Amino acid sequence: MEKRYGRITGWGAYVPEKVVTNYDLENIVDTSHEWIVQRTGIYQRHVAAPNETTATMSVEAARLALQKANLAASELDLIIVATTTGDHLTPPVSSQVQHMLGATNVPAFVLVTGCTGFLYGLTTAQQFISSGAYDNILVIGAELLSRFIDWNDRSTCVLFGDAAGAFVLQASTEPCGVLGFDMGSDGSGSEHIILPATGSAEPVNAATFAEGRHYLRMNGREVFKFATRILGQTSQRSLAEAGMTLTDIDTIVPHQANLRIIQAAARSMGLPIERFLVKIHKYANTSAAAIPLAICDGLDAGEIGLEDRLLLVSFGAGLTWASAVLQMAPTTETAFAAARTASLEIAELVSA
Ligand code: UT7
């Protein structure tokens, strides 16, 4: 079988209309715009309206991506929704999204690896395409963390925003899509980012509720240390798998959790910060949505192009990490070369 690649033919992102600035947060908790900007690089975040859910945000992003790909939802072979904040513990939000999109009977599943979910989803989708099992796959990263944070806890409530981002992958024989990847997990750090009383280990009851154990808890310093260590390591592994080095990469798209983490990654890779796509000031940390949201924003702003080689790199709850070398569309040169070879072959056939 000819080698198959997952070309990104559609992309779309959704952020809720409501913007909450750092100044707004000064009225809620003991914090300041200056502290938040200095320590995180965040200026504002979008927060979902009461009638919005992870499913509705996912569908908004997915519709844009399908429209861009010129593909009907019914033509999809698979839907993957990466999220930690599905509408319910069960049913899986992926089935709600599948139904709302009108993708009748299309298989759909949720992928839960925290902030790395979208990259885990992207590489999973790529495997289904490479193997020849499926041709058209929708991958969504969506997160509605504003419903899972304690708005009285200044150490977490200033950090997150709500959003969804979606990619459509379609089978192609031209080299593009995920060209190399790396994923990993270290559960010894599971306590560092946790929603304690939301699962079978600690079912929510009056006591856990009174203690606010249904809200996100995070050991920010430990996560920070982990992130600065892992970003460079996983990036090198993805690059090696793609047979590339950092000089082959146009732009690095890191997880958008903290500008200082991105600056530390830039220093450890020996790169200027300008090589990194940074959107944290506008959206804060949108977890599994952060990378597709940054890419959509970067494409709209003309900061990146479809033929650029991107290095996507993320870390998050688990603790998990993931990275991927991505080229959304084949290079025109490659396309021309392929067309030339095909026409030469035809010429040979005709003259024979
Ligand atoms: O997507 C993955 C999930 N999360 C992350 O990637 C988070 C990674 N960690 C971080 O981004 C940073 O650790 C934080 C932004 C969470 C915190 O920054 P930090 O520089 O590590 O601050 P810190 O936790 O060491 O706290 C320094 C001080 C403390 O006060 P004292 O003990 O020195 O008096 C905090 O109580 O800052 C205080 N503080 C705040 N002050 C004003 C913590 N949050 C705030 C706040 N406003 N919002």
Side-chain angles (χ1 to χ4, degrees), residues 20-45 82-85 111-120 141-146 148-165 183-187 189-196 215-232 234 253-266 268 276 278-281 283-294 312-323:
V20 175
T21 65
N22 294 344
Y23 296 109
D24 295 328
L25 290 177
E26 287 181 358
N27 299 320
I28 304 174
V29 285
D30 181 15
T31 192
S32 66
H33 171 74
E34 289 70 28
W35 189 96
I36 302 171
V37 170
Q38 228 172 55
R39 297 291 179 118
T40 71
I42 297 166
Y43 282 70
Q44 61 174 47
R45 69 284 297 138
T83 187
T84 308
T85 53
L111 197 154
V112 187
T113 61
C115 302
T116 56
F118 186 79
L119 292 193
Y120 266 71
E143 216 75 81
L144 207 164
L145 272 162
S146 65
F148 293 88
I149 51 178
D150 180 353
W151 286 95
N152 294 311
D153 174 8
R154 69 177 184 175
S155 70
T156 52
C157 77
V158 305
L159 303 175
F160 298 98
D162 301 328
M183 301 190 288
S185 166
D186 177 6
S190 59
E191 293 290 322
H192 295 326
I193 309 176
I194 187 165
L195 275 158
Y215 290 130
L216 183 83
R217 295 190 176 191
M218 190 174 67
N219 184 340
R221 284 184 200 176
E222 283 303 320
V223 180
F224 196 102
K225 279 194 278 181
F226 161 72
T228 49
R229 178 168 49 83
I230 206 71
L231 288 177
T234 182
V253 186
H255 177 44
Q256 313 276 313
N258 187 323
L259 180 60
R260 287 190 296 138
I261 293 177
I262 301 173
Q263 286 165 334
S268 79
F276 288 69
V278 179
K279 298 289 170 184
I280 191 167
H281 53 291
Y283 305 119
N285 180 352
T286 58
S287 186
I291 283 186
L293 175 60
L312 320 182
V313 57
S314 188
F315 62 92
L319 298 169
T320 57
W321 59 92
S323 57

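Start at 1 and go down the list; that is how both ligands and their atoms are numbered. Here, residue 1 is the first one in the sequence, and each next residue gets the next number. Since this is a predicted model, take the numbers as computed values, not measurements.
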Only pairs under 3.5 Å count here: list side-chain donor-acceptor contacts from residues 220-227, not counting sequence neighbours, and write none if there are none.
residue : atom : partner : partner atom : Å
E222    : OE2  : K225    : NZ           : 3.1

Per-pair distances, 0.1 Å, donor-acceptor, side chain in residues 26-33, under 3.5 Å, sequence neighbours excluded:
residue : atom : partner : partner atom : Å
E26     : OE2  : H33     : N            : 2.8
S32     : OG   : W35     : N            : 3.0
H33     : ND1  : N22     : ND2          : 3.2

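A donor and an acceptor atom, one from each side chain of E143 and T83, are located under 3.5 Å apart.
Contacts of Q256 classified as side-chain hydrogen bond (donor to acceptor under 3.5 Å, both in side chains), with partners at least two apart in sequence or in another chain: none.
S323 contributes a side-chain N or O that, together with a main-chain N or O of T234, makes up a donor-acceptor pair within less than 3.5 Å.
Nearest heavy-atom pair across Y215 and L195 is C-CD2, 3.6 Å.
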Can you pull every nitrogen or oxygen pair between ligand 1 and the protein closer than 3.5 angstrom?
residue  : atom   : partner : partner atom : Å
ligand 1 : 1 (O)  : H255    : NE2          : 2.9
ligand 1 : 1 (O)  : N285    : ND2          : 2.7
ligand 1 : 9 (N)  : G220    : O            : 3.0
ligand 1 : 11 (O) : N258    : ND2          : 2.7
ligand 1 : 13 (O) : G220    : O            : 3.2
ligand 1 : 18 (O) : R260    : NH2          : 3.4
ligand 1 : 20 (O) : R39     : NH1          : 2.8
ligand 1 : 20 (O) : R260    : NH2          : 2.7
ligand 1 : 22 (O) : R39     : NH1          : 3.3
ligand 1 : 25 (O) : R221    : NE           : 2.5
ligand 1 : 25 (O) : R221    : NH2          : 2.7
ligand 1 : 36 (O) : R154    : NH2          : 2.9
ligand 1 : 37 (O) : W35     : NE1          : 3.4
ligand 1 : 41 (N) : W35     : NE1          : 3.4
ligand 1 : 41 (N) : R154    : NH1          : 3.4
ligand 1 : 47 (N) : T31     : OG1          : 2.6
ligand 1 : 48 (N) : T31     : OG1          : 3.1
ligand 1 : 48 (N) : R154    : O            : 2.9

